[in-house]
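Single-structure report; data block below.
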2 protein chains.
Amino acid sequence: MEPAAARLELLALSGVPLVRPGDDLAPIVLQALRLSGRSLEPGDVLVVAQKIVSKSEDRYVELAAVEPSPKAMELAEVTGKDPALLEVILRESRDVVRVRNDVLIVEHRLGFVLANAGVDASNVGEQGRVLLLPADPDASCRALREKLRGATGTDVGVVINDSWGRAWRLGTIGTALGVSGLPALVDLRGVPDLFGRALRSTEVAVADELAAAASLIMGQAGEGHPLVLARGFPYPGREGRGAHLLRPKSLDLFR
Amino acid sequence: MEPAAARLELLALSGVPLVRPGDDLAPIVLQALRLSGRSLEPGDVLVVAQKIVSKSEDRYVELAAVEPSPKAMELAEVTGKDPALLEVILRESRDVVRVRNDVLIVEHRLGFVLANAGVDASNVGEQGRVLLLPADPDASCRALREKLRGATGTDVGVVINDSWGRAWRLGTIGTALGVSGLPALVDLRGVPDLFGRALRSTEVAVADELAAAASLIMGQAGEGHPLVLARGFPYPGREGRGAHLLRPKSLDLFR
């Protein structure tokens with residue numbers, strides 16, 4: 001039997017205003033849906049750019065108010081980066097994984113391994129502010145999902161994505177920081193393995209794949225179109241968390 | 001000015017037969033398009049699962065005919081894998097990057113850093129065959145693109161994808177091995193950086209993002225739906241290669 005043709009549609013919503021600290025994202029999403037002529041359907045997944053979540057949660061830090069530690073001063077010598085910025089990065093990190101020239105790879109306090117702890121200095125502006133990742137991206141997804149369900153009666157999935165680099169490939173790709181209402185990982189098969197193990201398992205990071213797909217049409221770092229509605233995600237109705245995507249240190253060959 | 005709503009549609013094509021060595025993929029694609037009620041439009045990108053490209057190129061290796069080298073025998077002791085399989089993996093590799101338990105991370109002869117050199121032993125069957133990556137994925141993409149243009153008059157992009165693991169995250173994601181008729185990397189901005197450099201550049205691995213998006217609806221390792229038609233890819237009409245996505249060793253912090 002030929003399986004039915006699978007179809008996935010991603011729509012970058014129009015009408016998203018500039019998001020300010022304290023803004024509630026739920027009415028912003030609902031307004032953007034209206035302006036885009038869409039409504040939420042069961043099984044839909046909303047992908048939200050990290051930047052607007054961080055802004056709504058007022059994750060700004062004023063660099064002028066940050067006292068660099070000796071460790072930050074030392075890293076400033078090596079990297080040529082601003083010592084206050086480095087102090088902010090260190091406070092967001094559990095561990096510094098690699099330093100070379102102007103690249104700082106850390107283990108973020110939430111377990112992510114990424115450059116500069118995700119601290120965004122690109123729009124620091126005259127105010128001297130940088131923007132941190134959301135405090136708890138999985139919780140941010142759950143909260144937005146609950147509010148959308150309360151307002152519309154429809155249960156959708158929510159993913160927060162950001163653009164991250166990779167160890168052995170150039171360029172960033174959209175990656176899932178937070179997840180609610182969909183699986184983060186799916187085990188696609190368990191077939192006999194002729195090379196020793198009874199079962200071979202293939203886990204697919206479906207939330208990361210969706211985060212990457214949405215990133216394609218978000219534009220400049222999610223600033224063009226920070227909300228993407230995905231319809232046809234093939235694994236609805238299961239529960240996952242962004243934290244499920246973290247490789248445990250015991251399985252890490254590269255630290 | 002509000003930018004127009006961006007929309008990306010991915011359709012897994014129906015009617016793809018089992019692909020055998022020597023099969024020409026172009027008529028298979030054209031038949032699947034017909035059976036799916038679609039035709040190619042300029043700017044479309046066709047994403048093709050690595051497995052059917054490798055099969056069409058007869059990239060099978062009979063393990064019984066492979067003589068394991070001393071190095072393969074040594075790795076068999078460490079990993080518990082079949083020595084002939086390890087010999088095949090070594091022949092596909094420039095370098096062994098990491099070995100632990102049953103995990104072997106190598107630099108593939110084409111520069112990819114991945115597990116088991118992409119050698120697929122999952123369907124080894126009674127014939128004792130394994131399947132290698134395509135000999136030159138960028139060339140395979142170019143050839144299929146040319147044939148499709150010859151048959152339809154329409155120039156589309158072609159990506160070959162495969163599901164690969166990552167250093168610090170669990171699960172595989174669709175990744176671009178080969179590219180033709182679209183950019184692999186796009187430089188999304190060059191804004192002044194207040195922290196030392198005149199320009200800050202953000203390169204996005206758009207071919208990898210598209211490969212991940214297509215993987216979502218391909219199903220089990222691309223065997224369910226090995227052909228995905230993407231419409232609305234936002235960077236048509238530029239030329240890239242899968243090789244552009246490889247991080248040069250000089251910029252590699254993790255080997």
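In this text the structure is predicted, and so the values were computed from the model without any measurement. In what follows, chains carry the letters A, B, and so on, assigned in the order in which the sequence lines appear, proteins first and then strands, with residues in each chain numbered from 1.
- For the set B:V206, B:L35, B:V113, the count of heavy-atom pairs under 4.5 angstrom toward chain A peaks at B:V113.
- Taking the charged nitrogens against the carboxylate oxygens, A:E107 and A:R94 do have a contact shorter than 4.0 Å, which makes a salt bridge.
- Heavy atoms of B:L185 lying under 4.5 Å from chain A belong exclusively to its side chain.
- When heavy atoms are compared at a cutoff of 4.5 Å, B:V103 approaches chain A solely by way of its side chain, counted from C-beta outward.
- A salt bridge links A:R166 with B:D208; the closest basic N to acidic carboxylate O contact falls under 4.0 Å.
- Ranked by heavy-atom pairs under 4.5 Å with chain B, the list A:A212, A:A230, A:A213 is led by A:A212.
- By the 4.0 Å N-to-carboxylate-O rule, A:D252 lies too far from A:R247 to be salt-bridged with it.
- Per-residue counts of heavy-atom pairs under 4.5 Å with chain B were compared for A:T175, A:L229, A:I173, A:L114; the largest is that of A:I173.
- Between chain B and the options A:G171, A:A211, A:G111, heavy-atom pairs under 4.5 Å are most frequent for A:G171.
- With chain B as the partner, the residue from A:L216, A:L210, A:V204 showing the most heavy-atom pairs under 4.5 Å is A:L216.
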### Task
Could you please spell out the steps behind the side-chain contact (heavy atoms from CB on, under 4.5 Å) verdict for A:K81 and A:L75?
CA-CA 8 Å; A:K81 286 178 188 280; A:L75 283 171; over 6 Å; no
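- At least one donor-acceptor pair under 3.5 Å links the side chain of A:D82 to the backbone N or O of A:A84.
- Top candidate by heavy-atom pairs under 4.5 Å with chain B, chosen from A:I217, A:T172, A:V99, is A:T172.
- For B:V186, no part lies near chain A; criterion is any non-hydrogen pair under 4.5 Å.
- Ranked by heavy-atom pairs under 4.5 Å with chain A, the list B:A184, B:A205, B:P248, B:A214 is led by B:A205.
- With a 4.5 angstrom heavy-atom cutoff, A:V228 does not touch chain B via any of its atoms.
- Ring to ring, A:F112 and B:W168 are not that close: their centroids are 6.0 angstrom or more apart.
- The contact between A:I105 and chain B is made entirely by side chain atoms (from C-beta outward), counting heavy-atom distances below 4.5 Å.
- With a 4.5 angstrom heavy-atom cutoff, B:R98 touches chain A only via side-chain atoms.
- Evaluation of the salt bridge (Lys or Arg N to Asp or Glu O under 4.0 Å) rule for A:E87 yields A:R91 as partners, not counting sequence neighbours.
- To the nearest 0.5 angstrom, A:L11 atom CG is 7.0 Å from B:R7 atom CZ.
- Taking CG from B:N161 and OG from B:S215, the interatomic distance works out to 6.0 Å, rounded to the nearest 0.5 Å.
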